[in-house]
2 protein chains.
Amino acid sequence: MATIRELARLCGVSPATVSRVFNSPEVVNPKTRELVLRAAERIGYLPNESARTLATKRSFMVGLVWDTDHRRPGWRHPFFQDILIGLKTALSGRGYHLLMLATNDGGRPDAHLRAVRRHNLDGVVLIDNGTWDPPLRTLAESGVPCVSLDRPVEGPRTTYVTSDNVGGAAAAVRHLHERGRRTIATIAGPERTRPGAERLQGYRAEMARRGLPYRPEHVVQGDFYLAGGYAAMRRLLEAEERPDAVFAAGDEMAIGALHAIAEAGLKVPQDIAVVGFDDIEPAALVPPGLTTVAQDTAGFGTAAAEAVVTMIDGGDPPPPRVLPTTLVVRGSTGGPLRGER
Amino acid sequence: MATIRELARLCGVSPATVSRVFNSPEVVNPKTRELVLRAAERIGYLPNESARTLATKRSFMVGLVWDTDHRRPGWRHPFFQDILIGLKTALSGRGYHLLMLATNDGGRPDAHLRAVRRHNLDGVVLIDNGTWDPPLRTLAESGVPCVSLDRPVEGPRTTYVTSDNVGGAAAAVRHLHERGRRTIATIAGPERTRPGAERLQGYRAEMARRGLPYRPEHVVQGDFYLAGGYAAMRRLLEAEERPDAVFAAGDEMAIGALHAIAEAGLKVPQDIAVVGFDDIEPAALVPPGLTTVAQDTAGFGTAAAEAVVTMIDGGDPPPPRVLPTTLVVRGSTGGPLRGER
DNA sequence: CTGAAAGCGCTTACAG
DNA sequence: CTGAAAGCGCTTACAG
């Protein structure tokens with residue numbers, strides 16, 4: 001591994017000049033610059049990032065805090081993989097790498113912050129893990145640039161990106177209503193989760209807007225999982241007035257509902273139309289195809305990268321970013337009409 | 001941010017001693033050690049990893065090469081997320097962080113290796129992306145500890161971990177045969193992919209072992225995706241002798257087959273039993289539940305971490321690790337019998 | 001068991 | 001436009 005000193009000697013210049021060739025090329029004589037660049041290529045010179053970080057206090061690395069601890073080993077964000085692709089791509093386009101933070105610093109309340117400091121991380125992206133424990137809070141309040149996904153954060157240099165849950169839920173209700181459904185029930189997510197609360201809010205708002213009556217017996221709580229959706233649907237089927245449509249605040253719950261409906265000998269969409277939320281992979285694979293509200297998964301990563309880099313570059317925290325959702329119409333509401341997606 | 005020098009002065013010892021407290025504690029006087037540790041905690045001293053890496057040439061970081069380039073933005077390993085969890089957990093248990101490598105170093109053939117050198121990465125994990133391009137080859141041949149997932153590698157300090165595809169496919173055939181099926185077709189994956197070839201091999205071996213005739217018309221090529229499975233199943237349904245069972249080398253293909261079967265007015269499992277491979281999320285969600293061969297997803301990550309750390313520690317490359325698979329019986333083959341999983 | 005010293009490979013005012 | 005020098009914060013033979 002050649003060093004800057006060897007490269008400098010080879011070119012008959014000082015290490016300082018070589019350094020400038022890589023860091024502020026515009027300041028060095030074009031001829032010298034070319035000379036150095038060519039020699040660097042020839043001997044395979046590569047700047048040592050540790051030395052650079054030590055000297056500059058910048059690592060060009062962004063930390064990713066994605067909590068999968070012992071208590072919740074199976075926890076998964078519905079489209080973690082897409083977010084990660086978007087994040088990685090956008091970040092590397094801006095010259096940053098992504099460091100996955102291990103979260104086992106003895107369970108200390110400042111675990112994440114310690115990792116950030118040790119490695120001189122320039123910023124951090126947090127993927128919502130449903131809780132908001134001290135390590136996250138400590139990090140957010142530390143002044144390290146910090147962008148959170150799917151949940152608000154408070155701190156001097158923080159912001160977040162989320163989906164338009166309210167609008168997405170409203171679009172689901174609108175779609176059902178436009179397809180002629182009049183008794184639209186909902187299987188809600190847990191109210192303490194932000195998406196759960198917001199999607200319920202969107203449902204209620206749109207129902208009201210369209211003059212559809214709000215019936216408490218048509219609002220059932222689920223847990224975002226299959227079994228919860230199934231159980232909730234069974235309760236809906238026992239309601240005094242059977243709904244002719246259901247908006248489930250998550251695809252797994254929607255698929256659970258599909259099972260309950262089939263079990264009751266009813267047909268989707270003829271007897272009951274169903275709309276989910278998230279557009280997870282199974283949505284397209286489950287018969288008759290689940291109409292659902294898709295989030296802009298890659299956009300999450302890109303938006304997060306943009307926001308964190310803005311703050312790293314000294315900019316003010318950008319306002320929270322709310323990404324638009326898209327209704328994907330499939331068989332569970334009768335399939336796309338001409339011209340529809 | 002306190003430095004080792006300040007901490008040393010505070011304790012009335014030399015920086016060398018403080019360094020030893022953190023790096024070879026057994027060599028320093030217990031009293032001094034305690035003193036330093038306590039003071040470190042009090043002033044919040046954190047060793048600077050860049051400085052440490054610069055001095056030692058070890059970063060305690062492992063690179064993750066997971067290619068999602070422009071040509072294949074949507075490419076996904078079936079259980080990327082599980083692998084990542086296992087990898088991260090196992091690695092951080094051993095004191096390593098995971099650096100996601102950006103792969104845009106101008107498309108150079110040594111792109112990955114350059115990143116490894118710049119960052120002094122101690123080792124690398126490669127997730128198979130279906131191709132084996134120069135950047136991967138260059139890396140594997142460089143002498144950097146390197147473990148690959150789901151595909152063999154050649155290089156001085158390399159090894160790989162994979163699933164028992166042959167055994168898993170054989171188990172699928174055995175299961176179908178034991179459930180009374182006699183005409184067992186297969187929807188194979190592309191032969192050029194390793195899992196594709198191995199699963200086909202397992203199918204043929206087990207068919208032969210059980211004295212079941214090999215019929216070319218019952219071996220149809222798929223592409224691991226839904227549409228391919230659907231098309232393949234349609235061809236199987238037109239075969240002279242209609243199969244009473246199908247082993248699909250991937251779950252998406254199996255689900256595609258389910259659709260084709262339903263469309264033909266046939267019942268699963270009554271008319272045709274179906275087994276898939278991978279146990280992706282939809283397998284459990286698609287009616288009537290897809291029997292499938294599950295891989296040890298978390299084990300992948302753990303095994304990879306073990307292997308790479310072994311090599312980092314100077315050990316010889318461990319032999320390739322072949323992880324056992326598990327048959328998960330669901331409705332598409334009649335569901336579990338008593339005592340079965 | 002401990003310290004002084006040199007070194008890891010870069011960057012960046014400062015001076016010219 | 002360029003160089004000499006100091007400094008970033010650690011580690012590690014070497015000597016005691």
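Every heavy atom of this structure was used, including side-chain atoms; hydrogens, water molecules and symmetry mates were not. Protein chains get the first letters and strands the later ones, always in sequence-line order, with residue 1 at the start of each.
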Option among A:V161, A:V125, A:L149 that satisfies the side chain to side chain contact (heavy atoms under 4.5 Å, CB included) test with A:I83: A:L149

Does a salt bridge link A:E26 with A:R20, judged by any charged N lying under 4.0 Å from a carboxylate O? no

Indicate, with a heavy-atom threshold strictly under 4.0 Å, whether A:L46 touches base, sugar-phosphate, or nothing. sugar-phosphate

Tell me if the centroids of the rings in B:F300 and B:Y160 come within less than 6.0 Å of each other. no

Bracket notation of DNA chain D in which parentheses pair within the strand, [ ] cross earlier pairs, and | pairs with another strand (Watson-Crick or G-U, under 3.5 Å): |||.||||||||.|||

On DNA chain C, more 5' by nearest nucleotide between B:A51 and B:R20 is B:R20

Between C:dG9 and C:dA13, how many Å separate the two P atoms, rounded to a whole number? 23 Å

Pick base, sugar-phosphate or nothing for A:Y45, based on heavy-atom distances below 4.0 Å to the nucleic acid. sugar-phosphate

So, taking the atom named OG1 in A:T53 and the one named CE in A:M61, what distance separates them when rounded to the nearest 0.5 Å? 6.5 Å

Does B:R5, at its CZ atom, have more than 12 non-hydrogen atoms belonging to other residues, nucleotides or ligands within less than 6.0 Å? no

Distance between C1' atoms of D:dT12 and D:dG16 (Å, rounded): 16 Å

Does B:K57 or B:P30 map to a spot on DNA chain C nearer the 5' end, using the closest nucleotide for each? B:P30

Using a heavy-atom cut-off of 4.0 Å across all strands, would you classify B:T56 as base, sugar-phosphate, or nothing? sugar-phosphate

What are the 5'-most and 3'-most nucleotides of DNA chain D lying under 4.0 Å from any heavy atom of chain A? D:dC1 to D:dG9

For A:N165 and A:R194, which I'm curious about, is there any donor-acceptor pair between the side chains at under 3.5 Å? no

Who passes salt bridge (charged side-chain N to carboxylate O under 4.0 Å, His left out) against B:R137, sequence neighbours left out? none

Can you tell me how the ring of B:Y96 sits relative to the ring of B:F60, calling it parallel under 30°, perpendicular over 60° and tilted otherwise? tilted

With the threshold set at 4.0 Å, does a side-chain nitrogen-carboxylate oxygen contact exist between B:R108 and A:E41? yes

Look at all strands and tell whether A:T32 reaches a base, only sugar-phosphate, or nothing, counting heavy atoms closer than 4.0 Å. sugar-phosphate

